[in-house]
Amino acid sequence: MHFNRRTVLTGAAATAALAATVRAQVLPPSGFATPSGTFPFAADVYRERRARLMATLKDGVAVIHGAKRGATSGPVSPPFHQSGDFAWLTGIVDEPGAVLVLAPAERLYREFLLLPSRDVETERWDVERLPLGSQIEARTGIQRVRRTSGLDALVTGMAARSRTLHFMGPIASASSPVPAALDLYNRVMARVPGCTLKDQSALLPALRTVKEPRELDLMRRATAATKAGHLAAMKAVRPGMTERQLTAILETGFREGGGEGLSYDSIVATGRNAASLHYAHGNAEIGASDLVLIDAAAAVGTYACDVTRTFPASGKFTTQQRADYELVLAAQDAAARMLKAGVMHEDMTEAASAVFRRAGRIDDFTHGLGHFVGLDVHDAGDYAKPLPAGAVLTIEPGLYNQPLNQGIRIEDIYLVTATGAERLSTGIPRTVDEIEAFMAR
Ligand code: GLY
Ligand code: MN
């Protein structure tokens with residue numbers, strides 16, 4: 001449509017048409033701009049979660065910072081990974097540097113999303129970002145969207161009305177930087193007398209630990225993709241191949257199995273390399289008598305999985321390898337047998353450790369028993385509380401022995417139920433017999 005000055009001035013219809021044209025020119029179409037919306041669920045899922053959280057907080061103000069973009073060593077950025085707390089509450093996973101502000105007792109607007117200001121030059125390089133307005137509020141489902149430059153004034157005003165500041169965690173160690181929310185609260189408290197700082201750092205982990213059915217659905221899909229990759233690698237491995245070649249086969253299998261990304265950098269370690277727990281990006285040649293350790297998983301809908309398998313490159317365990325492997329498996333089973341709602345995590349660790357202790361091998365088990373899994377591979381959750389039904393966690397004992405040139409870890413992912421646990425990572429050969437039979441095919 002073409003306008004000249006006269007048609008523009010001829011009345012309401014033309015004015016509305018002009019407004020529509022201007023909007024169409026200013027706003028990039030959906031899919032070409034961030035925030036693209038909420039992911040992986042619809043906006044009302046996140047609105048309901050925020051409402052649940054605010055019902056618990058009752059009053060005051062809670063500030064939750066999203067992740068910032070990671071440091072780059074070159075012109076191309078690594079993939080952006082949103083913080084789990086922020087992703088769980090907003091579904092906004094494509095805007096680094098965002099901040100969520102919740103104020104349950106405010107009269108009209110109780111949730112604010114603050115986004116960094118736009119930079120047209122940067123947007124020429126990475127992605128076009130939406131301007132503020134009703135479209136961004138419709139896409140994100142958040143009542144009010146503002147710029148982060150207004151954060152301090154917004155929170156100061158809310159604090160002056162409510163006098164309560166909620167710290168939502170996570171608790172940082174004394175040697176790491178002061179969390180951004182605490183830093184802001186400290187500055188607000190120096191200006192608004194009579195504010196109370198409340199520790200609410202247990203709330204989000206408690207909410208996030210119990211998975212919703214729709215989250216479990218994505219985690220099952222991530223596990224199916226993970227299985228496809230592990231099977232492809234276990235089938236293809238040959239002595240003489242390199243760790244990197246095997247990684248390529250593994251990750252192709254993830255994609256073919258429906259994986260949308262990696263839960264973390266794949267660990268593919270042969271022989272002695274497997275005794276280094278987070279060995280990654282190696283390119284050693286796989287030896288004929290090596291055990292190969294693969295700790296890797298696909299992600300679906302931003303949900304993680306986490307599985308480790310250890311198997312002989314030749315397809316046959318030696319007597320020593322079989323004995324060690326079966327010890328690790330016995331430790332995993334000892335912990336898994338205890339797993340059900342109400343159990344204490346440290347009691348499971350004790351059960352697994354007891355297996356190694358009885359065999360005189362406790363010093364070769366050099367890490368924790370496992371961890372919660374969800375939006376983050378090492379997900380939010382309180383290990384000091386009884387495990388709730390609906391939690392998903394790994395059990396991953398291992399034995400690491402550099403003089404023997406080997407590291408063995410067996411890691412599976414389990415859903416806690418009222419009466420026991422469901423191993424989600426089924427169908428990936430796990431016992432010595434299952435592995436040897438699968439590799440012989
Ligand atoms: N999958 C790596 C870890 O759990 O630390
Ligand atoms: Mn793990």
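Keep in mind that this is a model prediction, so the values were computed, not measured. We count ligands from 1, going down the list as the structure has it; atoms in each ligand are counted the same way.
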### Which residue and heavy atom of the protein sit nearest atom 3 (C) of ligand 1, plus the separation
H378 NE2, 3.1 Å
### Task
Could you find the nearest protein heavy atom to atom 2 (C) of ligand 1 and give me its residue, atom name and distance?
D295 OD2, 3.5 Å
#### Entry: Contact flag H371/the Mn ion (ligand 2), N/O/S atoms, threshold under 2.8 Å
yes
### Message
Looking only at the side chains, is there a donor atom on one of T164 and D59 sitting less than 3.5 Å from an acceptor on the other?
### Response
no
### Query
Is it true that F372 and Y383 have ring centroids separated by less than 6.0 Å?
yes
### Query
Looking at R47, R50, Q143, which hits side chain to side chain donor-acceptor pair (under 3.5 Å) with E111?
R50
### Task
Confirm or rule out an N/O/S atom of D306, from backbone or side chain, lying less than 2.8 Å from the Mn ion (ligand 2).
yes
### Query
Any side-chain donor-acceptor pair under 3.5 Å between S266 and E251?
yes
### Task
Could you find the nearest protein heavy atom to atom 5 (O) of ligand 1 and give me its residue, atom name and distance?
H278 NE2, 2.8 Å
### Message
So, of the N/O/S atoms that E396 has, which is the nearest one to the Mn ion (ligand 2)?
### Response
OE2
### Task
Flag this pair as yes if the NZ/CZ of R322 is under 6.0 angstrom from the six-membered ring centre of F317 and inside a 45 degree cone about the axis; otherwise no.
no
### Query
In E411, the N, O or S atom nearest to the Mn ion (ligand 2) is which?
OE2
#### Entry: Proximal ligand 1 atoms for H371, defined as those under 4.0 Å from one of its heavy atoms
4 (O)
## Note on the structure
Within 4.0 Å of some non-hydrogen atom of Y264, the atoms of ligand 1 are 1 (N)
### Task
Calculate, to the nearest 0.5 Å, the distance between atoms CE and CD1 belonging to M168 and I171 respectively.
11.5 Å
